[in-house]
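Here the structure comes first, spelled out in structure tokens, and everything after it is commentary.
Reminder, nothing fancy here: chain letters follow the sequence lines and each chain counts from 1.
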Protein chains: 2
Amino acid sequence: MKIGEIAKKADMPVKTVRYYDEIDLVKPNGRSDAGYRTYDEAALRQLIFIRRARAFDFSVNDCRELLGLYTDQARTSADVKAIAKKRLVEIEAKQAELQRLHDELAHLVGACRGDNRPDCPIMDYLG
Amino acid sequence: MKIGEIAKKADMPVKTVRYYDEIDLVKPNGRSDAGYRTYDEAALRQLIFIRRARAFDFSVNDCRELLGLYTDQARTSADVKAIAKKRLVEIEAKQAELQRLHDELAHLVGACRGDNRPDCPIMDYLG
DNA sequence: ATAAAGGTTCCAGTTACAGGAGAGTAAAGT
DNA sequence: ACTTTACTCTCCTGTAACTGGAACCTTTAT
């Protein structure tokens, strides 16, 4: 497969596949005479794996770890769970922060009349 | 005031104050003979204003707009409310997405035994 | 006089790519 | 065979909002 085909099958931009090569995340299995990257089915599976992991906002480095575990016969589910748990904790922290922001901002927005006069509780808060 | 003093009073790093000068967000009122930035009380109020707005994760460009409205006698609270509302909608969208991620990942993490065997529903999902 | 603290500019790095230039290669149509 | 179109290559720049560090100069304290 050339890069356009695998990118389509993995449902990601060609640019991204090239980037993953550059950072040694998923390498092509070789190059054609003209220097085109060539990929096999294993690479396709890895790219799809990464796309799914990225959809959870796992960092590229977490993806690298997960991908290592993916093909590691000696992996333990504890290893995998640890990475996923870490991500879950991050998500929960972000959720808590967003909730705080949301409530405070919603309060201010609710208190602002939004008319053509200048007085505004949002500005009062910020200034 | 020199940069170190205003940075301390505004509770932000010197680097950040210098950055805000560079992007024309908050400029010093002049320079000393030695080329040191000098700031006045108005600049301090602006920096504090920005710090508070940034705490809501308003983008620097939104801060720029808000700061413009802050000193605009002809502003309307509708202008302010529109910017805040936009940010609120962004926050709510992010919250919804995080909730989806959280639930799905929490489900997978909950289903993973996390022991020393290799089989793992998280890997099954990703692979 | 000297040393510490604080100021200056400029450059690199962060994250995970996206956009585009310029050039070569492959595939398809006539 | 020739041309057009579609791919692919590398290299460079830009994103957001700073942070860290180098090399150098000024102010302040001892």
Nearest nucleotide by nearest heavy atom, which residue falls closer to the 5' end of DNA chain D, B:Val60 or B:Tyr36? B:Val60
To the nearest angstrom, how far is B:Lys2 atom NZ from D:dC25 atom P? 18 Å
Under 4.0 angstrom, heavy atoms only, what part of the nucleic acid is B:Ser59 near: base, sugar-phosphate, or nothing? sugar-phosphate
Quick one: on DNA chain D, does A:Arg37 or B:Lys15 contact a more 5' nucleotide (nearest heavy atom)? A:Arg37
Between C:dC17, C:dT8, D:dC9, which one does the side chain of B:Arg18 approach most closely? C:dT8
Could you tell me if the side chain of B:Glu41 sits less than 4.5 Å from the side chain of B:Arg45, heavy atoms only? yes
Ignoring backbone atoms, establish whether A:Tyr20 has a side-chain N or O less than 4.0 Å from OP1 or OP2 of C:dA16. no
Assert: residue with more 5' nearest nucleotide on DNA chain C, out of B:Thr38 and A:Pro13, is B:Thr38
Could you go through A:Val60 and A:Arg54, starting from their C-alpha distance and side-chain angles, then the distance that decides it, and tell me whether this counts as side-chain contact (heavy atoms from CB on, under 4.5 Å)? CA-CA 7 Å; A:Val60 164; A:Arg54 290 285 300 134; 4.2 Å; yes
Any side-chain N or O of B:Thr16 below 4.0 angstrom from OP1/OP2 of D:dT19? yes
Between A:Asp103 and A:Gln99, does any side-chain donor sit less than 3.5 Å from a side-chain acceptor? yes
note: B:Arg51, atom CZ; D:dC18, atom C1'; distance rounded to Å ~ 17 Å
Can you get from B:Tyr70 to B:Met12 by hopping between Ile, Leu, Val, Met, Phe, Trp and Tyr side chains that sit under 4.5 Å apart? yes
Atom pair distance, as rounded to whole Å: CG in B:Asp33 and P in C:dT8: 14 Å
May I have the distance from B:Ile3 (atom CD1) to D:dT27 (atom C1'), rounded to whole angstrom? 16 Å
Between NZ of B:Lys8 and P of C:dG6 the distance, given in whole Å, is 8 Å
Atom pair distance, as rounded to whole Å: CE in A:Met12 and C1' in C:dC17: 12 Å
Send over the distance from A:Leu25 CG to C:dT15 P, rounded to a whole Å. 14 Å
Give the rounded distance in Å between these two atoms: CZ of B:Arg31 and P of D:dT27. 14 Å
Contact check, side chains of A:Leu98 and A:Gln95, non-hydrogen atoms, under 4.5 Å: no
